[in-house]
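What follows is a short report on a single structure.
All residue numbers refer to positions in the sequence shown, counting from 1.
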Amino acid sequence: MVSKINVEINGTAHAFDKKITPAEAIKKTGAPYVDGACICIVKKREEKEASRAKEFVLQTNKGILMIELKDPESVSSQIWLKNYAKLAPFPILFESSDAVAFGPFKTNYEIQKGVKRYRKYDIVLSAGGFDTAKTTLIFSKKEHYADYGTPKDGVFATLVAGRTNMEHISKGDRIESIQPYTEEKESFGDGICTTDLSAPLEDGDKLITFAEVEMSLHSPQGAERFFALIKDGTLRIDSTATAFRSDDTLKSEPFEYENFEPRKIGAVSFRTAGTGRGRAYISTADRASSLLHSVVGHVTAGMALPYFAKPGDRFTVETSPPHLLLLGRSVEESKELLTAINIEMTADGYAGPDNVIVLQKPATTLEILREGKVTVTSVPRSKLIEVEFYYDSAPKSVEFFRHSIDLKTQPVGSLPTSMIYDMTYIFKAEKQAEKYKEIMPENTPKEKVRACDIGITNQSAKRMGYIGVRLEDETMFGPTGEKFEATNIIGRVLNPDNLKNIQEGDVIYIKEIGADRNTAAPEEIHPEAEETHPEAEEENPETKASEGES
């Protein structure tokens, strides 16, 4: 008799031969999976391990303060863990423009003397008068230098919530209670994310191949932005912290705030203002609602994937509902698709057999499904210009151009024609991104510009932001008519004959062909979250959010 093992795949139990691999299991079960993406394998545990709390809620008479330990095994953290339960009520000992101190209480540790730099929201233990019998808990209110007589590890915790409350605390206030912060959450056990599909699965393993995200009905625009983020079927992890995993692909893109709700484990949100605007988050710990984070959906299955993901990982994502995007399709193809889901379609514009849809109203999937109808506008395919971008040689200029015509968030971008002369076509995007984005010289021509290369005028010339294409080789001027040093070459047109049919004032439509690398500009990528999370905003956790990690 062939021995069998039991493996749970995406929540469903299966029995397999012992030597089955994840690749074979995916093939046999048809589990959703995008080639090259990570899978998660969670190992069976014989018994539950008790986890040590890293976060603590300090209830003051001015509101909640939440702190997070940097390393529970450090000297200061051990002192804190042994003493916190008996400290409250904990009065203020002193308060200044630099810091606020609570205490004192008795400890015993080897004092580390010397002036050190402390950043805003750092938390340390301090020996008053270098006497550990007069130890205090100090919260840094701003960056400053001081000799606090700390243990050798110095800063041991960070204020991650209640930062506005901290600003209101003054002499006479007190900490009334201290409790470890616990969350009702799934125990994920011991798991790894990996792209290796060849290691045999063992009895009791859980295999997760995809995460399912249910889009929020209260966030139609946000859902559309998330669809753009995962258009290749995967979500990339750029940074991780205790309370979140994030994808920086659309960082710096404008985002409309729509949905104010708590960011519980699995919540998918976008930052709408401040540092990191446009960044996407998946919450891995419960956090309060935030005026800086609009919730667009929730992970309803496969949460182990983002939980165990590391910076650089990407994993398969499916959404409910699926993305309903008609741009780039023909009217006939779209009608067939919409009829199958009982959506009424009205078509305006060009009706010839070579039509392509360039506009849909409503613009979002959730609005179309809610209204049960959509109006599309189509144009001749001759107005669709196919381009290939030079990501390696002009990454910042490509990012600028794609942003300016909304090609970062949808498959077809529009571009009005400004001028046509001598086989040269000049365009100007309606968004005028040059008013708030730089176009530094990048990939400027040296000896000649090849026919069909796309150029953009950089900020060394007055007409910065103009886009041009020349259908003949040129040795003196760039595609926008500027000198070589004022021209950044960002890509090339693949079907130049379509340009010959346009007139001044016409709108052309741009579609990218080839490998779409929908990434943030190089200087905007954050490969890892910093320990003190500099993106944090000062908010009241009772009414807004704990922003220490996001």
Would you list the pairs meeting salt bridge (charged side-chain N to carboxylate O under 4.0 Å, His left out) in which at least one residue belongs to residues 485-502, sequence neighbours left out? E388-R492, D497-K500

Tell me which pairs pass salt bridge (charged side-chain N to carboxylate O under 4.0 Å, His left out) where either residue lies in residues 443-457, with sequence neighbours left out.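 Listed once each, the pairs are K448-D473, R450-D453.
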
Validate the cation-pi geometry between R225 and F255: distance from NZ or CZ to the six-membered ring centre under 6.0 Å, angle to the ring axis within 45°.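 Negative - R225 is either too far from the ring of F255 or too far off its axis.
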
Hey, is [X] close enough to [Y] for a salt bridge, meaning N to O under 4.0 Å?
| X | Y | value |
| --- | --- | --- |
| R279 | D247 | no |
| D406 | K431 | yes |
| K428 | E434 | yes |

Taking atom types as modelled, is there a side-chain donor on [X] or [Y] under 3.5 Å from an acceptor on the other?
| X | Y | value |
| --- | --- | --- |
| E367 | T364 | yes |
| E224 | H323 | yes |
| T300 | E214 | no |
| H298 | E212 | no |
| R329 | S334 | no |
| N355 | E332 | yes |
| T272 | S294 | no |
| N488 | N458 | yes |

Is there a side-chain contact between [X] and [Y], using heavy atoms and a 4.5 Å cut-off?
| X | Y | result |
| --- | --- | --- |
| R263 | H293 | yes |
| F484 | M476 | no |
| E143 | K120 | no |
| L499 | L471 | yes |
| S269 | I282 | no |
| L65 | L159 | yes |
| S140 | R119 | no |
| V387 | I385 | yes |

Qualifying residues under ring pair (Phe, Tyr, Trp, His ring centres under 6.0 Å), relative to [X], sequence neighbours excluded:
| X | result |
| --- | --- |
| F139 | F102 |
| H403 | Y436 |
| F401 | F389 |
| Y118 | H144, Y148 |

With sequence neighbours left out, what residues match [X] under salt bridge (Lys or Arg N to Asp or Glu O under 4.0 Å)?
| X | value |
| --- | --- |
| R381 | none |
| K373 | none |
| K361 | none |
| R277 | none |

Would a distance-only check, ignoring hydrogens and angles, find a side-chain to backbone donor-acceptor pair under 3.5 Å from [X] to [Y]?
| X | Y | answer |
| --- | --- | --- |
| S330 | E333 | yes |
| T480 | Y466 | no |
| E256 | Q221 | no |
| E504 | I420 | yes |
| T209 | P32 | yes |

Check L337, V358, V412, L359 against L326 for a side chain to side chain contact (heavy atoms under 4.5 Å, CB included) and give me the one that passes.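 The passing option is L337.
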
What residue among C40, P306, C193 forms side chain to side chain contact (heavy atoms under 4.5 Å, CB included) with F315? P306

Who are the side chain to side chain contact (heavy atoms under 4.5 Å, CB included) partners of P262, not counting sequence neighbours? K264, S289

What residues form a side-chain hydrogen bond (donor to acceptor under 3.5 Å, both in side chains) with D232, not counting sequence neighbours? T234

Can you spot which of K231, R402, K408 makes a salt bridge (charged side-chain N to carboxylate O under 4.0 Å, His left out) with E512?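 That would be R402.
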
